[in-house]
Amino acid sequence: MQNIVVVIKMAVSYKKLWKILIDRDMKKKDLCVAAGISHASTVKLGKNENITTDVLMKNMYGFAM
């Protein structure tokens, strides 16, 4: 009997985040400071790569200010 492995990849897009930055006249560096995230996390966001939920939560708190 054969085992079949199915890998499902979900597409991630942070376009709305970049639109919010533009609306608030912020740069990616400002996002790093406001949310307390690293430059590497911002680069991952820019490449639409997966990031941890901790980073996502920091982004949300950064915008709540």
Side-chain angles (χ1 to χ4, degrees):
M1 205 183 265
Q2 288 183 331
N3 292 335
I4 299 174
V5 177
V6 177
V7 177
I8 299 173
K9 288 194 172 191
M10 295 179 61
V12 177
S13 176
Y14 299 104
K15 287 182 182 180
K16 289 185 180 183
L17 173 63
W18 307 132
K19 288 180 182 179
I20 291 171
L21 285 178
I22 291 168
D23 291 343
R24 295 186 181 196
D25 196 30
M26 294 176 70
K27 297 180 181 178
K28 290 180 183 178
K29 185 176 181 179
D30 299 328
L31 174 65
C32 290
V33 173
I37 61 174
S38 69
H39 175 71
S41 294
T42 308
V43 171
K44 284 186 176 185
L45 290 168
K47 294 180 179 179
N48 289 327
E49 293 180 357
N50 292 327
I51 56 172
T52 65
T53 52
D54 292 338
V55 173
L56 288 174
M57 292 301 293
K58 287 180 181 182
N59 279 330
M60 290 177 23
Y61 290 129
F63 282 121
M65 294 179 170

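Keep in mind that this is a model prediction, so the values were computed, not measured.
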Counterpart residues, side-chain contact (heavy atoms from CB on, under 4.5 Å), relative to T52 (two or more places apart): D54, V55
For residues 10-22, which side-chain donor-acceptor pairs fall under 3.5 Å, sequence neighbours excluded?
unit_1 : atom_1 : unit_2 : atom_2 : d
S13    : OG     : K15    : N      : 3.4
Y14    : OH     : E49    : O      : 3.3

Can you list the residues that meet the side-chain hydrogen bond (donor to acceptor under 3.5 Å, both in side chains) rule with S41, with sequence neighbours excluded? S38
V43 meets the side-chain contact (heavy atoms from CB on, under 4.5 Å) criterion, sequence neighbours left out, with H39, K47
How about CG on D25, more than 12 heavy atoms from neighbouring residues, nucleotides or ligands closer than 6.0 Å, or not? no
Decide yes or no on side chain to side chain contact (heavy atoms under 4.5 Å, CB included) for I51 and I37, but give the supporting numbers first. CA-CA 11 Å; I51 56 172; I37 61 174; over 6 Å; no
By the side-chain hydrogen bond (donor to acceptor under 3.5 Å, both in side chains) test, which pairs, at least two apart or in different chains, include something from residues 28-37? none
